[in-house]
2 protein chains.
Amino acid sequence: MSEAPSYKERKVITIGVVSELTGLSERQIRYYEERKLVFPERSPKGNRKYSFADVELLIDIANKREEGVQTYEIRQDMIREEKKREKRMRKQLLRGEINARFGIQRER
Amino acid sequence: MSEAPSYKERKVITIGVVSELTGLSERQIRYYEERKLVFPERSPKGNRKYSFADVELLIDIANKREEGVQTYEIRQDMIREEKKREKRMRKQLLRGEINARFGIQRER
DNA sequence: CGTGTAAGGAATTCTGACACG
DNA sequence: CGTGTAAGGAATTCTGACACG
């Protein structure tokens, strides 16, 4: 195991295609990056590359914006969600460590 | 159910990115299309768009070419494979139809 | 046959800025 | 704040062709 396939996360889509896929203008997409809502990668010469996950995120953002939610609030919500996720991850990790020591017995 | 997600099949990757992903030159990628080995979609203005499935196919093609297999033979193999697939599909479909009538009972 | 390359043009993307509100 | 637009330049992509082998 090394190269995770993960088509959803690979950053390979150019901004023009993302624009078609989301219905957002390129201006809007770049602005949401400026507001730290999306983080495309860059090709060697500086062109933005997005993943399918980014496309879905942008669609969520577009929906929030239509409801009148400001980019700042959207960002705060994202940060909160991220912290919850991390909390869960830490718990999971802890459980894993406990199992490794006292749980499942493996050959030695 | 309507919009199948299917990240693997969505044609959204430009030829430059495909070139990076596969290690093939754009010239080679276009030539394999000419030889009917890959079938990218086109954007409104005519730019080629590939899927992750296409990228994997191109990598397979690249490997075959390295072994000295000609594009014509590769195409013949692909056609043979396709026919096998269709055969299996017809069988599956047939089974499904039988089940629909005499197998699993559903409410009516 | 398979691939490189130079050619010319059209479309894409980038950045920084002015505009409106 | 969020988005449109004109501006100028650089990079991308396209097609048809000549080249070599």
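To find a chain, count down the sequence lines: A is the first, B the second, and so on, and within it residues start at 1.
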Of the listed nucleotides [options], the one nearest the side chain of [X]:
X     : options               : answer
A:Y31 : C:dT12, D:dG2, D:dT13 : D:dG2
B:Q70 : C:dA11, C:dG2, C:dT13 : C:dG2
B:N47 : D:dG2, D:dC14, D:dG4  : D:dC14
B:I15 : D:dC14, C:dT3, D:dG2  : D:dC14

Give a yes/no on whether any side-chain N or O of [X] is located under 4.0 angstrom from OP1 or OP2 of [N].
X     : N      : value
A:R30 : C:dC14 : yes
A:Y32 : D:dT3  : yes
A:S25 : D:dG4  : yes
B:R35 : C:dG2  : yes
A:R48 : C:dC14 : yes
B:K45 : C:dT12 : yes
A:T14 : D:dT12 : no
A:R42 : C:dT15 : yes

Counting any heavy atom closer than 4.0 Å, what does B:T71 reach on the DNA or RNA strands: base, sugar-phosphate only, or nothing?
sugar-phosphate

Cluster check A:Y31, A:V69: I/L/V/M/F/W/Y, side chain < 4.5 angstrom
yes

In whole angstroms, how far is the [atom2] atom of [N] from the [atom1] atom of [X]?
X     : N      : atom1 : atom2 : answer
A:R27 : C:dA17 : CZ    : P     : 12 Å
A:L58 : D:dT3  : CG    : C1'   : 15 Å
B:E26 : D:dA11 : CD    : C1'   : 11 Å
A:Q28 : C:dT13 : CD    : C1'   : 17 Å
A:I29 : C:dT15 : CD1   : P     : 14 Å
A:K64 : D:dG2  : NZ    : P     : 14 Å
A:E20 : C:dA11 : CD    : P     : 14 Å
B:E33 : D:dT13 : CD    : P     : 14 Å

Now, which nucleotide makes the Watson-Crick or G-U wobble pair with C:dG4, with each of the two distances under 3.5 Å?
D:dC18

Let's test this: given Watson-Crick or G-U wobble pairing with both distances under 3.5 Å, identify the partner of C:dA10.
D:dT12

Within the side chain of B:S19, is there an N or O that forms a donor-acceptor pair under 3.5 Å with the backbone of B:L24?
yes

Report yes or no: does B:D54 contribute a side-chain atom to a donor-acceptor pair with the main-chain N or O of B:S51 at less than 3.5 Å?
yes

How about CZ on B:F39, more than 12 heavy atoms from neighbouring residues, nucleotides or ligands closer than 6.0 Å, or not?
yes

Are the side chains of B:L93 and B:M89 in contact, using a 4.5 Å heavy-atom criterion?
no

Among B:E41, B:E26, B:E33, which residue meets the side-chain contact (heavy atoms from CB on, under 4.5 Å) test with B:R48?
B:E33

Using the closest heavy atom to pick a nucleotide of DNA chain C for each, name whichever of B:E34 or B:S43 lands nearer the 5' end.
B:E34

